[in-house]
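Just below is one structure, and these are the notes that go with it.
Values reported hereafter were calculated over all heavy atoms of this structure, with side chains retained and with hydrogens, waters and symmetry mates removed. Here is how names work: the chains are called A, B, and so on, in the same order as the sequence lines, proteins then strands, and each is numbered from 1.
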Amino acid sequence: MIDIKYIRENPDVVRASQRGRGEDPTIVDQVLAADEIRRAAIVEFEALRAEQNIFSKSVGAAKGDEKIGLLERGKALSAQVKAADARRSEAETKSQALTLLLSNLLDPAAPIGGEEDFVVLEHIGTPRDFTKDGFEPKDHVELGKLLGAIDIERGAKVSGARFYYLTGVGALLEFALINYAISSAVKAGFIPIITPVLVKPPAMEGTGFLGQAAEDIFRLEKDDFYLVGTSEVPLAAFHMDEILNSEKLPLRYAGYSTCFRREAGAHGKDTRGIIRVHQFDKAEMFIFCKPEDAVAEHQRILQWEKEFLNAMEIPFRVIDVASGDLGSSATRKFDCEAWIPTQNAYREVTSASNCTEFQARRLNIRMKDGQNTKPVATLNGTLVAVPRTIVAILENHQNADGTVNVPKALQPFLGMTRFELV
RNA sequence: GGAGACGUCGCAUAGCCCGGUCGAGUGCGCCUCACUGCUAAUGAGGUAGACCCCUUAAAGGGUCUCGGGGGUUCAAAUCCCCCCGUCUCCGCCA
């Protein structure tokens with residue numbers, strides 16, 4: 001949510017941001033109009049209420065006939081207050097609902113455009129030349145089968161399309177990835193945290209996932225729960241309605257959870273393998289910090305992501321995601337995309353978002369800064385999204401016979417240097 | 001799943017039966033000041049948030065918040081209803 005005072009004072013900036021995202025700039029004017037009505041309704045209500053408060057006190061002191069007369073007038077006043085309160089409440093609801101429609105302000109540095117208009121910031125590592133190695137790379141589905149690591153057929157049998165089993169070294173690889181990721185994060189000062197995956201609507205709403213992203217969320221209607229699509233949701237909501245001590249900031253959490261995605265609107269996309277699935281595990285960084293530190297924290301998150309991919313010995317590139325593809329909460333987003341040999345393409349494996357005060361305002365997370373309380377900034381970034389990282393490791397580190405070399409960093413966690421055929 | 005208790009200003013509690021003098025007492029913690037070589041002790045004062053108006057620099061005025069929502073009433077922490085949460089006991093269970 002954007003500060004209503006900021007919108008009042010800088011409507012053009014907000015309109016420009018909406019336009020840059022390919023979203024409706026006229027919402028700004030609707031918000032401003034609703035805000036006018038809201039404030040007028042508040043003034044009216046509060047004046048009546050003040051009158052009533054004074055009046056009520058005088059009733060307590062009065063006696064006999066005098067009191068009876070006063071009660072008559074009190075009734076009338078009470079009705080007026082009630083009506084004004086109803087108008088106020090309606091105006092506030094409307095104004096709030098409209099304000100929530102606005103996406104976060106764009107960082108002026110973010111490239112403008114749609115999904116394809118990202119800017120490549122850097123390439124790290126070089127894609128392996130399989131021609132030189134003298135063999136055609138197998139894709140992760142085939143490798144997964146040869147190694148007894150991934151069972152897609154049975155995933156489909158039991159749960160349907162986009163489900164899978166990780167078996168044998170596949171399962172071990174997940175544990176190794178998570179262990180390596182979390183222990184690195186803890187060394188870097190993160191607080192490890194395992195989150196709920198079912199959350200109530202306010203948590204979902206607050207993190208900004210019930211807007212245009214709502215289609216991609218599993219919902220348990222009977223119990224009014226959402227299945228989180230990322231632990232960003234329970235991590236952001238962890239401090240919901242709290243006032244944090246600014247001296248304790250930044251608070252850095254490394255969360256681990258399963259993630260659930262409907263992948264609505266992705267029909268036909270990545271239908272093979274485990275690149276795009278309904279359920280996967282992920283370790284996520286989440287940071288609460290002072291707004292003035294957000295840009296630096298964002299860079300730090302990106303740096304940790306790069307270190308992780310380097311440790312996995314995977315070639316990748318970093319992109320500056322374009323305005324139209326940021327989601328409603330991020331002001332700027334960097335993705336790391338790993339080289340996937342059999343697709344001859346870079347594919348997103350991690351993502352780092354700076355949400356400034358947008359989520360914190362929705363979730364009512366503030367800090368005490370001297371005399372003032374004001375919203376904190378929140379940032380999130382992927383440490384490791386398991387299936388896609390497995391894909392990248394298997395495909396990049398495969399040998400001609402289908403065995404796969406284990407990256408050095410993971411060897412202590414796996415107790416092996418190579419995945420053998422089963 | 002059954003029975004009961006409870007949810008108050010950082011923490012612990014009072015107030016609820018008998019509605020107005022309660023935005024709310026007390027203790028602890030914390031902050032400021034005083035006193036004292038230092039610390040401790042003692043004394044005095046302070047100690048939530050949101051919003052609106054006015055000015056927009058400060059100050060000031062007002063409204064709301066006693067888990068959440070609704071109702072009764074001129075008036076609700078206090079009475080009534082619903083919801084959420086916590087705890088205790090019993091049963092069941094990873």
Identify the nucleotide, in any strand shown, that forms a Watson-Crick or G-U wobble pair with rU21(B), with both distances under 3.5 Å; if there is none, say none.
none
Searching all strands shown, indicate the nucleotide that pairs with rG85(B) (Watson-Crick or G-U wobble; both distances under 3.5 Å).
rC6(B)
Does this structure show an ion pair linking Lys374(A) with Glu357(A), if we count only N-O contacts that are shorter than 4.0 Å?
no
With a 4.0 Å limit, can you tell me whether Arg38(A) has a side-chain N or O closer than that to the phosphate oxygens OP1/OP2 of rC52(B)?
yes
Choose from rG20(B), rC52(B), rG62(B) the nucleotide whose nearest atom is closest to any side-chain atom of Ser56(A).
rG20(B)
Between Gln52(A) and rA75(B), does any side-chain N or O lie under 4.0 Å from OP1 or OP2?
yes
Does either side chain, that of Ser351(A) or that of Asp335(A), offer a donor lying less than 3.5 Å from an acceptor on the other one?
yes
Paired with rU26(B) by Watson-Crick or G-U wobble geometry, both distances under 3.5 Å: which nucleotide is it?
rA12(B)
Just N and O in the side chain of Asn53(A): are any of them under 4.0 Å from OP1 or OP2 of rC64(B)?
yes
Calculate the interatomic distance between Leu48(A) atom CG and rC52(B) atom P; express it in whole Å.
18 Å
Atom-pair distance (CZ on Phe45(A); P on rA50(B)), nearest Å
19 Å
Just to confirm, is there a sub-4.0 Å distance from OP1 or OP2 of rA50(B) to any side-chain nitrogen or oxygen of Arg366(A)?
yes
If you only use heavy atoms from C-beta on, which nucleotide in rG49(B), rC52(B), rG62(B) is closest to the side chain of Ala50(A)?
rG62(B)
Give me the distance, rounded to whole Å, that separates rU73(B) from rA58(B) when you measure between the C1' atoms they each carry.
42 Å
Using whole Å, report how far CD of Glu46(A) lies from P of rC52(B).
9 Å
How far does the P atom of rC92(B) sit from the matching atom of rC30(B), given to the nearest Å?
48 Å
pair_partner(rA48(B)), Watson-Crick or wobble, both distances < 3.5 Å, evaluates to rU65(B)
Toward the 5' end of RNA chain B, which comes first, Arg49(A) or Ile243(A), by nearest nucleotide?
Ile243(A)
What is the distance from CG of Asp85(A) to P of rC51(B), rounded to the nearest Å?
18 Å
Interatomic distance, Arg88(A) CZ vs rG62(B) P [rounded to whole Å]
18 Å
Arg19(A) bridged to Asp24(A) by N-O distance under 4.0 Å:
no
Considering Watson-Crick and G-U wobble pairs with both distances under 3.5 Å, what does rA40(B) pair with?
none
Between C1' of rC52(B) and CZ of Arg87(A), the distance in whole Å:
16 Å
Identify whether any heavy atom of Ile42(A) sits under 4.0 Å from a base atom; if not, whether one sits that close to sugar-phosphate; answer base, sugar-phosphate or nothing.
sugar-phosphate
Side chain of Ser78(A) only, please: which of rC51(B), rA50(B), rA75(B) is the nearest?
rA75(B)
If the C1' atom of rC84(B) is compared with that of rA75(B), how far apart are they to the nearest Å?
28 Å
Nearest-angstrom distance, C1' atom, rC9(B) to rG49(B):
10 Å
With Asp270(A), the salt bridge (charged side-chain N to carboxylate O under 4.0 Å, His left out) member among Arg261(A), Arg162(A), Arg276(A):
Arg276(A)
Between Lys290(A) and Ser246(A), does any side-chain donor sit less than 3.5 Å from a side-chain acceptor?
no
For Asn245(A) and rC31(B), give me the distance from atom CG to atom C1', rounded to whole Å.
14 Å
rC53(B) OP1/OP2 closer than 4.0 Å to side-chain N/O of Arg39(A):
yes
Under a 3.5 Å cut-off for both contacts, is rA57(B) paired Watson-Crick or G-U wobble with anything, and if yes, with which nucleotide?
none
Note: for Lys75(A) and Glu51(A) on RNA chain B, the residue whose nearest nucleotide lies more 5' is Glu51(A)
Please check if any side-chain donor atom of Gln52(A) sits under 3.5 Å from a side-chain acceptor atom of Arg49(A), or the reverse.
yes
Taking atom P in both rU65(B) and rA77(B), compute the distance separating them and give it to the nearest angstrom.
7 Å
So what's rC35(B) paired with, Watson-Crick or G-U wobble, going by both distances under 3.5 Å?
none
If we take the P atom in both rG27(B) and rC82(B), what is their distance in whole Å?
39 Å
Suppose you measure atom P in rU47(B) against the same atom in rG25(B); what distance do you get, rounded to whole Å?
11 Å
Using the C1' atom as the point on both nucleotides, what is the distance between rA48(B) and rG43(B), in whole Å?
26 Å
Under 3.5 Å for both donor-acceptor distances, Watson-Crick or wobble: does rA75(B) have a partner, and if so which one?
none
Per atom distances to the Lys82(A) side chain, the nearest of rG20(B), rU72(B), rC52(B) is rU72(B)
Interatomic distance, Asn364(A) CG vs rA48(B) P [rounded to whole Å]:
17 Å
Look at the rings of Tyr253(A) and Phe238(A) and say which category their plane angle falls in: under 30° parallel, 30 to 60° tilted, over 60° perpendicular.
perpendicular
Show your reasoning for whether side-chain contact (heavy atoms from CB on, under 4.5 Å) applies to Leu410(A) and Ile393(A).
CA-CA 11 Å; Leu410(A) 292 182; Ile393(A) 288 174; 3.9 Å; yes
